[in-house]
Amino acid sequence: MSTDAQEADDDLKERVSNFLRRNFPQIQMHGGSAAIQDLDRESGEVTIMLGGACSGCGISPMTIQAIKSRMVKEIPEIEVVHADTGMGGEGGHGGGMSPSFPGDTTEDSDSDEGPQAPF
């Protein structure tokens, strides 16, 4: 990769990172994180992984949708945004660990102790 191409990639990564910090400070304020997993300047695709408190957060699907819709408008080089919490799907709960909520019970539990505390 040429030096110019590397500088263009670095500039775009910096702009995406700044976009996330500037437009979604609540991610970090609530104990979450947003990291660029992959960035392809030629195809205009970026993959963002939300972690920390975002995994299992009930509003992470809305945060993901907001990131997707706003980033393509604000950063012209970005055409497609892939984002998820690492929980199997884009903000869904189709795999991996699922969040716990007060009052939840597990169906495979043989215990009669009631719901587990979420902490």
Can you list the steps and then say if Glu14 with Asn18 is a side chain to side chain contact (heavy atoms under 4.5 Å, CB included)?
CA-CA 6 Å; Glu14 184 67 25; Asn18 287 339; 3.4 Å; yes
Apply side chain to side chain contact (heavy atoms under 4.5 Å, CB included) to Val80 and His82, showing your working.
CA-CA 7 Å; Val80 178; His82 305 282; 3.5 Å; yes
Please determine whether a side-chain nitrogen of the Lys or Arg among Lys13 and Glu77 lies less than 4.0 Å from a carboxylate oxygen of the Asp or Glu.
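Salt bridge: no.
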Identify the two heavy atoms, one from [X] and one from [Y], that lie closest to each other, and give their separation to 0.1 Å.
X     : Y     : answer
Leu50 : Ile64 : CD1-CG1, 3.6 Å
Thr85 : Met49 : C-SD, 3.7 Å
Arg15 : Ile75 : NH2-CG2, 3.4 Å
Lys68 : Ala83 : CE-N, 4.0 Å
Ser33 : Gly52 : OG-N, 4.0 Å
Ala34 : Leu20 : CB-CD1, 4.1 Å

Is there a path of hydrophobic side-chain contacts, each under 4.5 Å between heavy atoms of I, L, V, M, F, W or Y residues, that connects Met62 with Ile27?
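Hydrophobic grouping puts Met62 apart from Ile27.
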Does [X] [atom1] have over 12 foreign heavy atoms under 6.0 Å away?
X     : atom1 : answer
Ile59 : CD1   : no
Gln26 : CD    : yes
Gln37 : CD    : yes

Which value, rounded to the nearest 0.5 Å, describes the distance between [X] atom [atom1] and [Y] atom [atom2]?
X     : Y     : atom1 : atom2 : result
Ile48 : Ser17 : CD1   : OG    : 7.5 Å
Leu39 : Ile78 : CG    : CD1   : 5.0 Å
Asp4  : Asp11 : CG    : CG    : 12.0 Å
Phe19 : Lys73 : CZ    : NZ    : 10.0 Å

